[in-house]
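Scroll down for the structure; my scribbles are underneath it.
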Amino acid sequence: MTQPSITESDQIRQRRANLDELARLGVSLYPHAFARTHTIDGLVREHGEKSAEALASDRTDVRIAGRILGIRGFGKASFLVLSDGRACVQAYIRQDSLSEVDFRVYELLDFGDFVGVHGHLFRTRTNEFTIWVSRVEFLAKCLVPLPEKWHGLQDVEIRYRQRYLDLIVSPESRHVFEVRSRALAALREFLEGRGYLEVETPMMQPIAGGALARPFVTHHNALDIDLYLRIAPELYLKRLTVGGLERVFEINRNFRNEGTSTQHNPEFTMLEFYQAYSDYRELMVMTEDMLRLVAERAVGSDQVTFKGNSISLRPPFRRLSLREAVCRKAGERLGRDVTDAELRRPDSAAALAAELGVPVDPGSGPGTITVGIFESLWEASLIEPTFVYDFPTEVSPLSKQRADDPDTVERFELYVGGLEIANAFSELNDPGEQRRRFDDQLQQRRRGDEEAHRMDEDYIRALEYGLPPTAGEGVGIDRLVMLLTDSHSIRDVILFPLMKPQR
RNA sequence: GUCCCCGUAGCUCAGUGGCAGAGCAUCUGACUUUUAAUCAGAGGGCCGUUGGUUCGAUCCCAACCGGGGACACCA
């Protein structure tokens with residue numbers, strides 16, 4: 001890693017010397033503004049297609065500003081490549097078109113500096129759209145040399161730690177974050193169009209609930225209480241549904257105290273939404289519509305390519321009952337019939353896992369084992385969008401049971417491209433049953449499961465006031481953006497992913 | 001948390017148990033329509049850190065620091 005503020009390379013000394021020389025010329029080193037007539041992107045879109053004749057006969061004077069991403073000098077003339085981040089344009093400098101001071105300023109410019117130029121538009125001999133510069137205004141110095149232009153920035157550590165460098169030299173990286181922004185805008189448009197209200201609920205919570213995960217702990221000094229960074233907004237959003245906000249959503253960060261991977265960052269962005277008087281079946285249809293709209297808005301198509309697979313986000317998506325799927329594939333694998341009943345008894349479920357070579361934590365119930373077998377047998381192959389539905393009650397402490405089968409809850413997860421993108425269910429709204437589920441979780445906690453849910457008396461009290469039949473869903477935004485941008489690491493879709501501090 | 005891989009000039013990368021290499025970038029000179037401009041010359045290094053082996057380590061070994069990937073857990 002470079003640490004230019006400590007060890008100055010000769011290149012940095014040279015750039016500082018150029019800055020000092022600009023000061024001696026009486027140039028303002030950090031001027032306050034530059035009145036441009038166009039962004040570079042806007043200029044190229046408005047005039048970039050015009051012919052040499054059109055530009056010559058209808059002279060257009062412009063002022064633009066940007067970062068210098070290329071200098072091709074010829075002694076008394078030069079071409080500068082200026083970028084505003086979205087587009088580039090070439091500026092033509094020649095000594096006999098500039099004042100003596102402005103030409104001297106040009107000579108002191110370095111790759112990476114910000115500069116504003118005045119000039120008129122023309123096309124060069126090679127037909128390149130160009131600004132013929134008549135004035136140069138220095139705007140800001142780049143004191144540290146930028147990564148080399150041809151190979152770009154290959155060091156992933158620098159890309160993550162110094163994202164600004166990545167954004168300067170890697171257009172594809174900028175594209176990822178533009179897609180991310182458009183995807184978020186499309187989600188909001190979709191939900192607001194259906195009468196949803198966007199809300200914000202606590203990120204610091206006295207009890208970290210709504211998911212099964214280990215939280216981060218922090219401390220409030222004045223109140224002298226420990227607080228947890230939230231692992232999910234779920235329980236607060238449902239309190240709002242109790243309060244009569246029938247359709248709410250929140251897009252914000254969750255924090256889980258777990259390891260990192262290509263699919264996990266300790267802080268990640270989740271959309272959660274809740275809709276009163278609905279169930280999980282309705283959410284499947286809504287999710288199909290939502291993902292298609294998001295893809296069309298964010299990348300202009302409902303077809304995406306992810307890890308070499310062409311994936312259609314056009315409804316309807318495949319639907320796969322979790323237990324049926326396990327029975328089918330386990331049966332194929334073992335060459336015998338595997339039955340639903342087998343999955344529901346602790347002894348036979350554990351035996352099946354052993355038979356399939358799926359590792360099982362001691363003390364796991366049949367539901368946990370069934371989900372483990374499912375992930376082992378199916379997860380990597382869930383490339384086309386697939387709803388996996390009807391989960392064991394044991395692993396879903398906040399979901400409502402099926403009316404015909406209390407061992408099963410109305411819950412689905414959506415997989416696309418092998419990624420788990422969404423998790424949704426009909427919400428458990430019976431306060432008595434919710435208390436029993438929390439009690440079960442407490443028992444699992446006592447058995448050493450640190451991720452088991454905590455008791456939340458305040459949430460139960462809210463349910464006692466009456467939660468209407470409600471369906472809710474969480475969508476992992478980072479993973480969705482990975483899918484839309486063919487990014488294979490979550491770090492590539494988070495501007496500043498968590499890294500260990502250096503040194 | 002476990003296993004595997006990586007760390008050499010500003011950037012991208014070669015390389016060797018015996019004076020540290022290239023391209024781009026930088027500096028000097030030439031060049032007033034180039035497109036990774038070109039041509040001639042020059043400077044630039046704690047070879048991640050600390051130990052060990054060795055006459056001698058950037059190279060071999062160990063630990064540590066940082067990063068990547070796989071697994072595990074989750075979304």
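As a basis for the values below, the full set of heavy atoms in this structure was taken, side chains included, without hydrogen atoms, waters or symmetry mates. Lettering of chains follows the sequences in order, A, B, ..., and the numbering in each one begins at 1.
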I want to verify a distance call: between B:C27, B:G69, B:U12, whose nearest atom is closest to the A:Gln14 side chain? B:C27
Tell me what A:Lys500 touches on the nucleic acid: a base, only sugar-phosphate, or nothing, going by heavy atoms under 4.0 Å. sugar-phosphate
Given the P atoms of B:G10 and B:C47, what is the spacing between them in whole Å? 12 Å
Could you check which of B:U33, B:U12, B:G67 has an atom nearest any side-chain atom of A:Gln154? B:U12
Looking across every strand, which nucleic acid part, if any, lies under 4.0 Å from A:Glu128 by heavy atom: base, sugar-phosphate, or nothing? base
Once you apply a heavy-atom cut-off of 4.0 Å, does A:Gln90 come out as touching a base, just sugar-phosphate, or nothing? base
In terms of base orientation, is B:C19 syn or anti, with the syn window spanning 90° either side of 0? syn
Any residue of residues 252-274 of chain A with a heavy atom less than 4.0 Å from an atom of RNA chain B: A:Arg256, A:Glu258, A:Ser261, A:Thr262, A:Gln263, A:His264, A:Asn265, A:Phe268
Checking contacts here: which listed nucleotide (B:G68, B:U33, B:C74) is nearest the side-chain heavy atoms of A:Arg491? B:G68
Donor-acceptor pair, distance only, cut-off 3.5 Å: does the side chain of A:Thr393 make one with the backbone of A:Thr408? yes
Whole-angstrom distance between B:C24 and B:A37, as gauged at atom C1': 14 Å
May I ask you to say what A:Arg159 touches in the nucleic acid, namely base, sugar-phosphate or nothing, with a heavy-atom cut-off under 4.0 Å? nothing
Contact check, residues 65-75 of chain A vs RNA chain B, heavy-atom distance under 4.0 Å, returns A:Arg72, A:Gly73, A:Phe74, A:Gly75
Consider the side chain of A:Pro147, meaning its heavy atoms from C-beta on, and name the nucleotide among B:U32, B:G68, B:C11 that approaches it most closely. B:C11
Ring centroid separation A:Phe438 to A:His453 under 6.0 Å: yes
Ignoring hydrogens and angles, does a donor from either the side chain of A:Arg125 or the base of B:U33 sit under 3.5 Å from an acceptor on the other? no
A:Asp166 CG - B:G68 P separation (whole Å): 13 Å
Taking OP1 and OP2 of B:G10, is either one under 4.0 Å from a side-chain nitrogen or oxygen of A:Arg13? no
Check: protein-nucleotides 42-47 of chain B nitrogen or oxygen pairs below 3.5 Å:
{"unit_1": "B:G43", "atom_1": "N2", "unit_2": "A:Asp10", "atom_2": "OD2", "d": "3.1"}

Could you run through RNA chain B and flag its stems, i.e. three or more consecutive Watson-Crick or G-U pairs with both distances under 3.5 Å? B:1-7 with B:65-71, B:10-13 with B:21-24, B:26-30 with B:38-42, B:48-52 with B:60-64
Presence of A:Arg161 side-chain N/O under 4.0 Å of B:G67 phosphate oxygens OP1/OP2: yes
Contact class for A:Asp96 vs. all strands (heavy atom < 4.0 Å): base, sugar-phosphate, or nothing? base
In a table with atom names and distances, give each donor-acceptor pair under 3.5 Å that connects a side chain of residues 107-120 of chain A to protein atoms at least two apart or in another chain.
{"unit_1": "A:Glu107", "atom_1": "OE1", "unit_2": "A:Arg104", "atom_2": "NH1", "d": "3.4"}
{"unit_1": "A:Asp110", "atom_1": "OD1", "unit_2": "A:Asn18", "atom_2": "ND2", "d": "3.3"}
{"unit_1": "A:Asp110", "atom_1": "OD2", "unit_2": "A:Asn18", "atom_2": "ND2", "d": "2.9"}
{"unit_1": "A:Asp110", "atom_1": "OD2", "unit_2": "A:Lys141", "atom_2": "NZ", "d": "2.8"}
{"unit_1": "A:Asp113", "atom_1": "OD1", "unit_2": "A:Cys142", "atom_2": "N", "d": "2.9"}
{"unit_1": "A:Asp113", "atom_1": "OD2", "unit_2": "A:Asp110", "atom_2": "N", "d": "2.8"}
{"unit_1": "A:Asp113", "atom_1": "OD2", "unit_2": "A:Lys141", "atom_2": "NZ", "d": "2.7"}
{"unit_1": "A:His118", "atom_1": "NE2", "unit_2": "A:Glu137", "atom_2": "OE2", "d": "2.8"}
{"unit_1": "A:His120", "atom_1": "ND1", "unit_2": "A:Arg59", "atom_2": "NH1", "d": "3.3"}

Grab the CD1-C1' distance between A:Ile158 and B:C6 for me, whole Å please. 14 Å
Between A:Tyr415 and A:Phe374, how do the two ring planes meet: parallel, tilted or perpendicular, split at 30° and 60°? tilted
Do A:Phe425 and A:Tyr280 make the cut of ring centroids closer than 6.0 angstrom? no
For RNA chain B, the residues among residues 99-117 of chain A that have a non-hydrogen atom under 4.0 Å from it: none
B:U33 P sits how many Å from A:Ile131 CD1, rounded? 18 Å
Check the distance between B:G7's P and A:Met499's CE and give it to me in whole angstrom. 17 Å
